Asks: 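Structure incoming, see below.
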Protein chains: 2
Amino acid sequence: MESGEKRRRPNRPVRVEDVARVAGVSPITVSRALSYPDKVKEETRARILEAVAQTGYVVNRFASSLRSGRSNVISVFVSSLMNPHFASSMQGILDAFEGSPYQLMFAQTGYSEQFEADLLETVLPFRPAGVVFTGVIRSDKSREALQQLAIPVIEMWGYRPDPIDMLLGFSNHEGGRLMGEHFGQKGFRRIAYSGHTIERGAERIAGFREGLARHDATINLIHPMEGTRRIADGIDAFRDIRAQLPDVDAIFFGTDILATGAVLGAEKMGVEVPREVAIAGFGGLDYTPHVRPSLTTIHVSGYEMGRDAGRMLLRRLNGERVDKPVVQQPISLEARDSTNR
Amino acid sequence: MESGEKRRRPNRPVRVEDVARVAGVSPITVSRALSYPDKVKEETRARILEAVAQTGYVVNRFASSLRSGRSNVISVFVSSLMNPHFASSMQGILDAFEGSPYQLMFAQTGYSEQFEADLLETVLPFRPAGVVFTGVIRSDKSREALQQLAIPVIEMWGYRPDPIDMLLGFSNHEGGRLMGEHFGQKGFRRIAYSGHTIERGAERIAGFREGLARHDATINLIHPMEGTRRIADGIDAFRDIRAQLPDVDAIFFGTDILATGAVLGAEKMGVEVPREVAIAGFGGLDYTPHVRPSLTTIHVSGYEMGRDAGRMLLRRLNGERVDKPVVQQPISLEARDSTNR
DNA sequence: GTGAAAGCGCTAACAG
DNA sequence: CTGTTAGCGCTTTCAC
């Protein structure tokens, strides 16, 4: 850490007062020049900005937020940053907030309800101006805590009849149902589901079962995969499912990631898709049309969901009204080669 | 937002003072009970914790950090959260900090130097206790600003002879060289590179060229791809390269994502990999062994890099010495089917 | 358009 | 082990 720089004062950071002295004004004028440029004479402001540059002043957000009672932190919770489904939503949020004065603080909840609650405790001290949740918030205690705060909260990627505040989600049940109908129409009879089985997964399964039932079909095997999901896990899942249900003729995966792995696994095992086993995913990841065979999936507009959630939140932060605080995003079945028999 | 809760005071948040009154102690004792549990008698602490629960007290981090001069914010900069190469590093950082009192604040720099500098300005007001950078920091102004702060800074995924503080990276030049040697040994003669061409990309290209030169080969086409990278972009890239260099017999992509797309694109166009064109990627994404044909790549331990960077930073935050503040991560060539001719 | 005084909520420093 | 006092750096409020 040796540098030839003229190190300022090792101990005392530059404060408004220092800038004020250099610019020959009072501290409050410096503050105004930086926060409300219009309220300060052009010339004064120029002098102040020069003093800021000269002194290397950086506002202390702790002091400014403490005094003003305003925070520019938006807290974003996501179960996993590595999950590409969510990653595109995160991108959407980032894009929505670009150019705004807000600072996004990401926190990863890791699919655990307890951890989610703990995390909230480490984030709330920052008095976030708003909160984004990827997936509905499960812990009742957390829901209450957020409600008490009376700040804009938006839940995404899930659905609840009683959102904390705003909600931008889609129906996992409907997604499952669409796939169930599709499998039923195709005449598949030995059917497996693989993926999450709780929360969103449970809804998906219920819908899937409902869709299948209309064609007198049912789920013959539920293969739970709660943990991490990587392509390689899909390969294993495919092997396991074939072992447990040798005559399986169609598998619905809770995520495209597993489904992609399964397609690769099938090829490895010399099993033809879709002739011997049909495979479908969920989420509509960008590469699904390019997998060979192209992957049937339920398309969810993750990016748009994040972007729109960000916009809704921004509107509320700007004091505008949000007409429809609860939005159900449309989803659709993308029937492709992997189930085309 | 109507709830049957007994809403406390709509305007005045709960403060230490309120907790203190309920617990029958002074404010400072409350503060200590929460920050330094050992310094308060067991019994008193229990009473305080009960009062905290009863009142719903949440510490105001702005006030506490302002007074104590300590921040628990770690600022993490990453060019793109959607990039799976970096995502696993982010995961590593998250895991390293799990259970620590620090709060990670992610900021996305979007590959732009200017944006990177602007972002630093919005983050520095939070007086982060430490900074993690994915990729070396380019702007000299930013480097100086961070150096002035004298807080632990760690740069990852890149290399510079003059790191700001700590650096955990690998040599892109070496990665390129390894691939150049491999291509040369395989006897490829009409060679293309596709991917980033600046910064890390430039180093990779230089190394690649050097490796090839040892076998009297050279790069016949550089196909720049600076922007977003998705599998579909790799498909396009492959088509473009074939159009520009019809007799190309080997392509080195700056990321596995593009290489994977290229493999799929080749299959679509009826071009055999590796017989007609060999394809290699960079990064060692988890699914590369499973692509058909399996993808030759330069393996980089992204997760470990993030995790180790997090640990180094934590050690410094705890006041411990870090013996080797500049670490070069080993990388290796994973020769697989996509170049096996 | 600018300034003086006050205080946001917390915890360091010093006492006891 | 607990309390008193003061002040972190900023911006609100009120004044001119």
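Bear in mind the structure is a predicted one, so any value in this text is a computation, not a measurement. Chain A is the first sequence line, chain B the second, and so forth, proteins listed ahead of strands; every chain is numbered from 1.
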Asks: For Glu42(B) and dT2(D), give me the distance from atom CD to atom P, rounded to whole Å.
Replies: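 Glu42(B) atom CD is separated from dT2(D) atom P by 11 Å.
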Asks: If I take atom CZ in residue Arg45(A) and atom P in nucleotide dG1(C), what distance separates them, rounded to the nearest angstrom?
Replies: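 So the CZ-P distance, Arg45(A) to dG1(C), works out to 11 Å.
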Asks: Rounded to whole Å, please give me the gap between NZ in Lys39(B) and C1' in dG3(D).
Replies: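 In whole Å, dG3(D) C1' lies 14 Å from Lys39(B) NZ.
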Asks: Taking the minimum atom-to-atom distance to the side chain of Ile28(B), which one of dT4(D), dT13(D), dT2(D) wins?
Replies: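 Ranking dT4(D), dT13(D), dT2(D) by closest atom to the Ile28(B) side chain puts dT4(D) first.
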Asks: Please work out which of the three classes, parallel, tilted or perpendicular, describes the rings of Phe62(B) and Phe62(A), given edges at 30° and 60°.
Replies: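 If you compare the ring of Phe62(A) with that of Phe62(B), the planes turn out tilted.
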Asks: How long is the line joining CZ of Phe62(B) and P of dG9(C), in whole Å?
Replies: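 Rounding to the nearest Å, CZ of Phe62(B) and P of dG9(C) are 13 Å apart.
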Asks: Give a yes or no on whether a donor-acceptor pair under 3.5 Å exists between the nucleobase atoms of dG9(D), that is its base, and the side chain of Arg127(B).
Replies: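 Under the 3.5 Å cut-off, the side chain and the base do not form any donor-acceptor pair.
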Asks: For a quick test of reading the model: is some side-chain N or O of Arg67(B) closer than 4.0 Å to OP1 or OP2 of dG9(C)?
Replies: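 For dG9(C), OP1/OP2 do not have a side-chain N/O of Arg67(B) under 4.0 Å.
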Asks: What is the minimum heavy-atom distance between Ala309(B) and Met156(B), and which atoms define it?
Replies: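 Taking every non-hydrogen atom into account, CB-SD, 3.4 Å.
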Asks: Would you say dC10(D) has OP1 or OP2 under 4.0 Å from some side-chain N or O of Ser64(A)?
Replies: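 So the side-chain polar atoms of Ser64(A) never come under 4.0 Å of the phosphate oxygens OP1 or OP2 of dC10(D).
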Asks: Between atom CG in Leu66(B) and atom C1' in dA6(D), what is the gap in whole Å?
Replies: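 Rounding to the nearest Å, CG of Leu66(B) and C1' of dA6(D) are 13 Å apart.
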Asks: Under 4.0 Å, counting only non-hydrogen atoms across every strand here, what does Arg70(B) touch: a base, just sugar-phosphate, or nothing?
Replies: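 Contact class for Arg70(B): sugar-phosphate only.
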Asks: So which nucleotide from dT13(D), dC8(D), dT11(C) ends up closest to the side chain of Arg32(A)?
Replies: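 The closest nucleotide is dT13(D).
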Asks: Pro13(A) has a side chain; which of dG9(D), dC10(D), dG3(D) sits nearest to it?
Replies: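 Out of dG9(D), dC10(D), dG3(D), the nucleotide with an atom closest to Pro13(A)'s side chain is dG9(D).
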Asks: Could you state the CD1-P distance from Ile48(A) to dG3(C), rounded to the nearest angstrom?
Replies: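 Atom CD1 in Ile48(A) sits about 8 Å away from atom P in dG3(C).
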Asks: Should the pair Glu320(B)-Arg316(B) be classified as a salt bridge under the 4.0 Å nitrogen-to-oxygen rule?
Replies: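 Answer for the salt bridge query: no.
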Asks: Between Asp140(A) and Arg143(A), is the closest basic N to carboxylate O distance under 4.0 Å?
Replies: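 The answer is no: the pair does not qualify as a salt bridge.
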Asks: Ignoring backbone atoms, establish whether Tyr36(B) has a side-chain N or O less than 4.0 Å from OP1 or OP2 of dT2(D).
Replies: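 No, Tyr36(B) has no side-chain N/O under 4.0 Å of OP1/OP2 on dT2(D).
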Asks: Quick one: on DNA chain C, does Thr29(A) or Ala63(B) contact a more 5' nucleotide (nearest heavy atom)?
Replies: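 Whichever sits nearer the 5' end wins; that is Thr29(A).
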Asks: Answer yes or no: does a side-chain N or O of Thr44(A) lie under 4.0 Å from OP1 or OP2 of dT2(C)?
Replies: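 Looking at the OP1 and OP2 atoms of dT2(C), one of them is under 4.0 Å from a side-chain N or O of Thr44(A).
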Asks: Take the protein atom CZ of Arg61(A) and the nucleotide atom C1' of dC8(C), then report the distance between them rounded to whole Å.
Replies: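 So the CZ-C1' distance, Arg61(A) to dC8(C), works out to 16 Å.
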Asks: Shortest non-hydrogen contact from Asp162(B) to Arg160(B)?
Replies: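 Of all heavy-atom pairs spanning Asp162(B) and Arg160(B), the closest is OD1-NE, 2.9 Å.
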Asks: Whole-Å distance between dG7(C) C1' and Glu17(B) CD?
Replies: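 The distance from CD of Glu17(B) to C1' of dG7(C) comes to 13 Å, rounded to the nearest Å.
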Asks: When you measure from the side chain of Pro27(B), which nucleotide among dA13(C), dC10(D), dT11(C) comes out closest?
Replies: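 Ranking dA13(C), dC10(D), dT11(C) by closest atom to the Pro27(B) side chain puts dT11(C) first.
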